[in-house]
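Heads up: the structure comes next, in structure tokens.
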Amino acid sequence: MLEIGNIKEDKERIISGLKKKNASQEQIDLVDKIISEDDKRKVIQTNLDNILSKTNKLSDEIGILFKSGQASKATELKSEVAALKDESKILETQLKDVKELLEEMIIQLPNTPHVSVPFGQKAEDNEVFKAWDKAMPDLGENALPHWELAEKYNLISFKDGVTLTGSGFPVYKNQGARLQRALINFFLDEAISAGYQEIQPPLLVNKETAKATGQLPDKEGQMYYCEKDDFYLIPTAEVPLTNLYRDTILQKSDFPIKLTGYTPCFRREAGSYGSDVKGLNRLHQFDKIEIVRIEHPDKSYETLMEMVNHVESLLKKLELPYRILRLCGGDMSFNSALTFDFETYSAAQGRWLEVSSVSNFETFQSNRMKLRFRDDDGKTKLAHTLNGSALALARIVATLLENHQVADGIKIPEALQPYTGYNMIK
RNA sequence: GGAAGAGUGGCAGAGCUGGUUGAUUGCACCGGUCUUGAAAACCGGCGUACCUGAGAGGGUACCGGGGGUUCGAAUCCCUCCUCUUCCGCCA
């Protein structure tokens with residue numbers, strides 16, 4: 001959620017930011033409406049406070065009068081208070097309505113992009129920030145896509161998943177299950193040695209939590225929902241991890257806050273079809289290790305690059321072909337100010353698969369969840385939040401299988417071998 | 001799931017027969033005096049958000065959340081949530 005103060009003080013910059021993010025004309029028109037509505041809010045607040053101040057004073061007087069036995073005088077004042085109370089009731093309702101309308105409008109505005117974000121509408125407009133420094137693997141004619149490899153070596157059963165649940169819920173078996181577990185441990189260990197604190201959060205969260213990180217109301221349809229208990233299945237560990245610091249005032253010495261956690265992620269992915277959802281490309285349930293940072297605003301972009309380097313190091317250790325994209329304004333998520341996507345090459349499919357997305361949200365999330373810190377001047381300010389996948393498993397498994405396949409099996413990268421306990425899938 | 005009790009400022013802990021109580025006090029924390037230095041002692045400060053003001057300051061709201069009674073509620077009533085204890089169930 002954008003800060004209303006920024007909207008008012010820096011209107012032109014906000015508008016040009018919204019345009020860069022391909023906001024609609026309706027969204028841009030909201031800016032002026034928000035400003036005038038907030039002015040209205042202030043007037044009402046001032047009037048209301050004045051009336052409440054008067055009633056408070058009169059109530060005190062009434063108390064004193066009653067104690068000194070001047071009941072008739074007190075009764076006189078009572079009617080005066082009653083009139084003021086009617087007035088304040090009206091203003092209170094107005095204030096509530098204005099605040100609701102304001103929130104409703106502000107929540108519709110996406111975050112504004114960082115200056116380095118390239119202009120553009122679609123995925124094709126993203127900038128290749130960094131490409132792999134090695135040659136793309138040449139797998140030859142007989143290379144198989146991961147879903148065929150999974151079947152050939154009995155690693156994953158998509159069919160069994162359909163029986164148990166439905167499409168998009170694969171069942172991992174044998175060396176495939178072991179590979180999953182190995183990757184989870186490998187990624188967690190890497191994060192821990194980079195200084196992240198490991199967290200095991202709940203997989204179901206309440207409305208407040210889903211709202212604070214921006215999943216509600218924006219992505220309501222994307223989440224699985226347990227109606228009976230009013231809980232949402234998390235679409236990413238970002239949600240519970242970041243919310244650990246909801247409604248908090250940090251000291252400067254608390255920075256940096258570095259959290260990591262492994263969780264399954266649940267996404268409805270309604271409307272996806274075709275080659276997009278083939279095999280492990282897009283699932284309703286997949287495993288992911290997330291890294292979350294809460295930072296001082298002066299440090300957050302430095303931190304973002306640190307996270308990018310961390311994710312890159314993982315892909316290098318797994319010996320996977322990758323590229324890093326700096327997302328253009330139109331392709332960025334609603335919440336983000338700057339996002340780097342990581343893609344690995346699916347050699348057999350001839351396409352790039354997104355395996356990580358590392359973003360700085362600046363104060364967009366912290367404003368909604370009231371995550372502040374006390375700055376040197378003693379004032380509270382909003383902290384910056386960041387997060388990234390390090391990494392998302394299913395697609396990593398897909399490209400790992402494809403890129404490391406040889407005639408008689410699939411080679412396991414050296415870094416992963418201590419975790420798998422085998423060096424070859426056969 | 002059933003029964004009883006409880007939720008107050010960073011923590012501990014008063015207030016809860018309604019009226020200068022945003023809230024006694026202790027600890028923690030910050031500044032100062034004293035000291036060669038430290039500790040102790042003493043003095044002072046010490047919540048958040050919003051409105052207003054150039055500023056100093058002034059005002060409003062908040063004692064788990066929401067609603068109600070009343071001129072006036074941390075204090076009374078309703079409701080929800082959470083915690084503790086006992087019972088039931090159970091990985």
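Lettering follows sequence order; numbering is per chain, from 1.
Comparing B:G32 with B:G22, their C1' atoms sit 27 Å apart, to the nearest whole Å. Spacing between B:A28 and B:A41 at atom P, rounded to whole Å, works out to 9 Å. Of the C1' atoms belonging to B:U21 and B:U75, the separation is 11 Å, rounded to the nearest Å. Comparing the P positions of B:U24 and B:U82 gives an interatomic distance of 31 Å, to the nearest angstrom. Taking atom C1' in both B:C62 and B:A23, the straight-line distance is 12 Å, to the nearest Å. When the P atom is used for both B:C51 and B:C43, the distance is 39 Å, rounded to whole Å. To the nearest whole angstrom, the two C1' atoms, one in B:U8 and one in B:G65, are 15 Å apart.
Comment: A:Glu319 does not engage A:Lys411 in a salt bridge, judged by the lack of any side-chain N to carboxylate O separation of less than 4.0 angstrom. In summary, A:Glu238 and A:Lys219 do not engage in a salt bridge, as defined by a charged side-chain N under 4.0 Å from a carboxylate O. The pair A:Glu37-A:Lys40 meets the salt-bridge criterion, since a charged nitrogen lies less than 4.0 angstrom from a carboxylate oxygen.
When heavy atoms are screened at a 4.0 angstrom cut-off, A:Asn47 is found touching no nucleic acid atom at all. Within the 4.0 angstrom heavy-atom criterion, no nucleotide atom of any strand lies near A:Leu58. Within the 4.0 angstrom heavy-atom criterion, only backbone atoms of the sugar-phosphate kind lie near A:Ile249; the bases stay farther away. Using a 4.0 Å heavy-atom cutoff across all strands shown, A:Thr380 reaches sugar-phosphate atoms only and no base atom.
Around atom NZ of A:Lys379, no more than 12 heavy atoms belonging to other residues, nucleotides or ligands sit under 6.0 Å away.
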Subject >> Residue pair A:Lys11, A:Asp32: steps toward the side-chain contact (heavy atoms from CB on, under 4.5 Å) verdict >> reply: CA-CA 9 Å; A:Lys11 182 177 142 186; A:Asp32 279 322; 2.7 Å; yes
Subject >> side-chain contact (heavy atoms from CB on, under 4.5 Å) assessment of A:Leu179 paired with A:Ile412 >> reply: CA-CA 9 Å; A:Leu179 177 62; A:Ile412 297 299; 4.3 Å; yes
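With a 3.5 Å ceiling on both atom-pair distances, B:G37 lacks any Watson-Crick or G-U wobble partner. Searching all strands for a Watson-Crick or G-U wobble partner of B:U24 with both distances below 3.5 Å returns nothing. The partner of B:C89 is absent, by the rule that a Watson-Crick or G-U pair needs both atom distances under 3.5 Å. Nucleotide B:C83 forms a pair with B:G5, judged by Watson-Crick or G-U wobble geometry with both contacts under 3.5 Å. Pairing for B:U60 is with B:A49, a Watson-Crick or G-U wobble pair whose two hydrogen-bonding atom distances lie under 3.5 Å. Across all strands shown, B:G31 pairs with B:C43; the Watson-Crick or G-U wobble distances both stay below 3.5 Å. Base pairing annotation: B:A73 forms no Watson-Crick or G-U wobble pair, as no partner gives both donor-acceptor distances under 3.5 Å.
Put simply, A:Arg372 has no side-chain N or O that comes within less than 4.0 Å of OP1 or OP2 on B:U48. Checking the phosphate oxygens (OP1, OP2) of B:C71, no side-chain nitrogen or oxygen of A:Lys57 falls inside 4.0 Å. Here A:Arg41 does not reach the OP1 or OP2 of B:C50: none of its side-chain N or O atoms lies under 4.0 Å away. Here A:Asn56 reaches the OP1 or OP2 of B:A61: one of its side-chain N or O atoms lies under 4.0 Å away.
When A:Ile289, A:Leu391, A:Leu318 are each tested for a side-chain contact (heavy atoms from CB on, under 4.5 Å) with A:Leu183, only one passes: A:Leu318.
Out of B:G19, B:G47, B:C51, the shortest distance to the side chain of A:Gln45 is found at B:C51. Among the nucleotides B:G59, B:G19, B:A61, the one closest to the side chain of A:Ser53 is B:G59. Comparing B:G47, B:C51, B:C71 by their nearest atom to the side chain of A:Arg374 picks out B:G47.
Residue A:Glu87 contributes atom CD, which lies 18 Å from atom P of B:C71 at whole-angstrom precision. The nearest whole Å value for the distance from the CG atom in A:Asp230 to the P atom in B:C81 is 12 Å. Between A:Lys85 atom NZ and B:C71 atom P the separation is 7 Å, expressed in whole Å.
Each of A:Gly378 and A:Lys96 has a nearest nucleotide on RNA chain B; the 5'-most of these lies closest to A:Gly378.
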